[in-house]
Amino acid sequence: MKAIRVNLKSDSPGITLEEIQRPVLEHADEVLVRVLAIGLDGTDREILQEHYGSPPIGEQSLTTGHESLGIVVEAGAETGFQAGDLVTCLVRRPCHEQDCVNCRNGHADFCESGNYTERGIKGAHGFLAEYYKEQARYVVLVPKTSLHYGMLAEPQSIVEKVWNQVQKIQQRLIWEPKTALILGSGPLGLLGAATCRVLGLDVYVWSMAAEDSKQGQLAKACGAVYQQAEGDGSSGSKASLSEYVKKIDRSFDLILECTGYSPLAFEAMSVLGAGGVLALLGVTPGARKMEISADTLNLSIVLENKCIIGSVNASRRDFETGVYRLGEIEARFPGFLQRVITERFQLEEVHGIDFSKIEVKAIVEVVPRQEWERLAQGSSEIQYSFSV
Ligand SMILES: [Zn+2]
């Protein structure tokens with residue numbers, strides 16, 4: 001079978017389309033999945049262009065891809081899946097440290113040792129291949145109505161994890177959130193905006209993209225108010241976030257920082273409303289330093305009971321909620337999710353992708369889209385369940 005491999009041990013990451021062994025089921029709890037499509041995100045860009053990521057121990061190269069959608073073609077007797085099921089797959093696998101209580105209790109997304117592996121990113125092969133096999137406990141069923149956007153389940157799981165955390169944290173008070181501010185209008189920001197709209201919040205999206213860009217149009221398509229940032233959006237730039245928030249005279253119960261631009265994260269702390277939560281979801285590599293009004297910031301965080309959390313990765317529950325939420329978003333804003341997918345590539349084109357030209361979200365169609373319906377209906381090509 002074909003797979004996209006990145007050589008991470010050489011000086012420049014060589015991206016190759018390789019012919020490798022198709023995986024074979026060995027245990028009754030495994031499924032073999034035919035990959036339909038893989039979403040690409042900033043992590044994939046870093047792996048494909050900047051040598052981020054690591055191959056499995058003892059290997060030179062890594063099969064990339066972690067945002068998956070595929071069809072089960074073989075299912076072990078103990079999996080609960082059957083051939084023809086549409087599925088996505090969790091990314092992170094637990095570490096092996098005995099005292100990592102979260103990994104030992106099914107919460108690898110809260111791994112404390114940092115020695116977890118992640119398929120397609122860190123120490124484990126990903127899904128950008130024609131087939132993958134996995135233990136059923138990491139595989140999540142996707143309804144066939146989500147066939148054309150189900151690969152968004154992974155980024156949506158990131159949004160769900162945050163929302164789940166926020167709900168737990170906000171039990172500290174009587175919380176009746178009304179407004180959310182989303183910083184950034186990439187796939188995560190747009191999914192966050194649509195989710196907050198579905199949850200009944202008034203949503204504001206603040207981002208660098210022009211108002212008539214695809215991002216701006218999509219933000220408005222899910223009923224959010226869109227505002228283009230001028231300059232970098234932080235204090236000192238032409239129109240800072242603080243000035244904007246002052247101008248619209250709103251107070252935010254929830255802020256999702258999805259840009260990873262760290263000065264904006266600090267700016268967001270100052271505009272967060274009393275009793276609100278600021279969730280930081282993005283990262284910037286580097287060692288940027290900046291001046292902040294430490295006393296003012298500290299004062300407002302303390303006196304207004306503000307909460308700032310970081311969040312990464314997601315659990316099985318978040319994937320399951322994410323799959324459900326995608327259905328809700330589609331019902332409320334028909335076509336929105338497919339519009340988020342702005343670029344489509346074939347396996348043969350991956351090595352030449354110019355990430356700077358991707359408007360919102362790119363996917364790789366491992367199987368041409370015209371074939372998906374037929375495969376999802378369970379064509380004769382699909383083998384039926386067997387026992388191992
Ligand atoms: Zn761990």
Side-chain angles (χ1 to χ4, degrees), residues 1-8 16-38 53-98 100 103-109 111 115-142 150-151 153-154 313 315-316 319-320 347 364 366-367 375-376 378-388:
M1 69 165 188
K2 290 175 189 152
I4 296 291
R5 286 277 169 100
V6 184
N7 189 332
L8 293 164
T16 47
L17 179 58
E18 287 181 27
E19 194 62 42
I20 60 168
Q21 197 82 36
R22 176 171 149 176
V24 175
L25 299 194
E26 291 164 292
H27 304 284
D29 67 342
E30 293 173 339
V31 292
L32 181 68
V33 177
R34 181 164 183 185
V35 177
L36 297 183
I38 297 293
S54 56
I57 292 168
E59 297 190 40
Q60 294 283 313
S61 59
L62 175 77
T63 301
T64 59
H66 61 277
E67 299 180 358
S68 69
L69 183 70
I71 302 270
V72 173
V73 286
E74 290 177 22
E78 294 171 11
T79 61
F81 287 99
Q82 56 183 358
D85 283 345
L86 186 66
V87 293
T88 186
C89 192
L90 272 69
V91 179
R92 191 178 282 192
R93 303 292 172 269
C95 74
H96 297 288
E97 313 293 333
Q98 277 316 305
C100 182
C103 280
R104 300 288 69 74
N105 288 283
H107 293 289
D109 59 319
C111 176
N115 295 329
Y116 55 80
T117 56
E118 287 178 334
R119 290 200 66 165
I121 302 172
K122 181 175 180 280
H125 289 305
F127 309 119
L128 195 36
E130 289 180 285
Y131 296 85
Y132 71 85
K133 77 167 175 177
E134 186 51 273
Q135 289 177 291
R137 61 187 163 136
Y138 298 120
V139 178
V140 177
L141 193 67
V142 175
M151 72 297 289
E154 196 277 339
N313 198 251
S315 69
R316 183 181 179 91
F319 269 79
E320 288 170 348
L347 273 178
V364 180
V366 179
V367 170
L375 288 173
S379 77
S380 55
E381 268 183 44
I382 290 177
Q383 300 163 39
Y384 288 90
S385 305
F386 73 108
S387 307
V388 235

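Computed over heavy atoms, backbone and side chain alike; hydrogens, waters and symmetry mates excluded. The first residue in the sequence is number 1, and the count goes up from there.
- Using a 4.5 Å cut-off on side-chain heavy atoms (C-beta onward), Ile38 and Met151 make no contact.
- At least one side-chain heavy atom of Arg104 sits under 4.5 Å from a side-chain heavy atom of Cys95.
- Contact check for His66 versus Glu154: side-chain heavy atoms found under the 4.5 Å cut-off.
- Of all heavy-atom pairs spanning Glu30 and Thr79, the tightest one is O-CG2, 3.3 Å.
- When side chains are defined from C-beta on, Val31 does not count as touching Val87, because their heavy atoms never get closer than 4.5 Å.
- Glu320 places a side-chain heavy atom less than 4.5 Å from the side chain of Val140.
- With sequence neighbours left out, the side chain to side chain contact (heavy atoms under 4.5 Å, CB included) criterion links Glu18 to Arg5, Thr16, Ile20.
- Taking every heavy atom of both residues into account, Val364 and Leu347 meet most closely at CG1-N, 3.9 Å.
- Expressed to the nearest 0.5 Å, how far CZ of Arg93 lies from SG of Cys103 amounts to 11.5 Å.
- Every residue two or more places apart in sequence or in another chain that forms a side chain to side chain contact (heavy atoms under 4.5 Å, CB included) with Arg92 is listed here: Ala108, Cys111, Tyr116, Glu118, Val312, Asn313.
- Scanning for side chain to side chain contact (heavy atoms under 4.5 Å, CB included) contacts around Arg137 gives Gln135, with sequence neighbours left out.
- With Thr117 contributing its side chain and Lys122 its backbone, the two residues share no donor-acceptor pair below 3.5 Å.
- Residue Leu62 comes nearest to Gly120 through the heavy atom pair CD2-O, 3.5 Å, listed as atom of the first residue, atom of the second, then distance.
- When all heavy atoms are compared, the tightest approach of Ala129 to Thr63 is CB-CG2, 4.4 Å.
- With sequence neighbours excluded, no residue forms a salt bridge (Lys or Arg N to Asp or Glu O under 4.0 Å) with Glu97.
- In terms of heavy atoms, Leu90 sits closest to Phe127 at O-CZ, 3.8 Å.
- Other residues, nucleotides and ligands place more than 12 heavy atoms under 6.0 Å from the CD atom of Glu19.
- Taking 4.5 Å as the limit, some side-chain heavy atom of Val366 sits within range of a side-chain heavy atom of Leu128.
- Not one N or O on the side chain of Arg316 forms a donor-acceptor pair closer than 3.5 Å with the backbone of His107.
- Smallest separation of non-hydrogen atoms from Asn7 and Ser61: CA-CB, 3.7 Å.
- Between Pro56 and His125 the shortest side-chain heavy-atom distance falls below 4.5 Å.
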Worksheet item: Hey, mind stepping through Leu17 and Ile4 against side chain to side chain contact (heavy atoms under 4.5 Å, CB included) and telling me if it holds?
Response: CA-CA 5 Å; Leu17 179 58; Ile4 296 291; 3.8 Å; yes
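- Using a 4.0 Å cut-off between charged side-chain N and carboxylate O, Lys133 and Glu74 make no salt bridge.
- Considering only residues two or more places apart in sequence or on other chains, Arg119 meets the salt bridge (Lys or Arg N to Asp or Glu O under 4.0 Å) condition with Glu134.
- Side chains of Leu86 and Leu36 form a contact here, defined as non-hydrogen atoms less than 4.5 Å apart.
- In this view, Phe319 satisfies the ring-ring contact (aromatic ring centres under 6.0 Å, His included) rule with no residue, not counting sequence neighbours.
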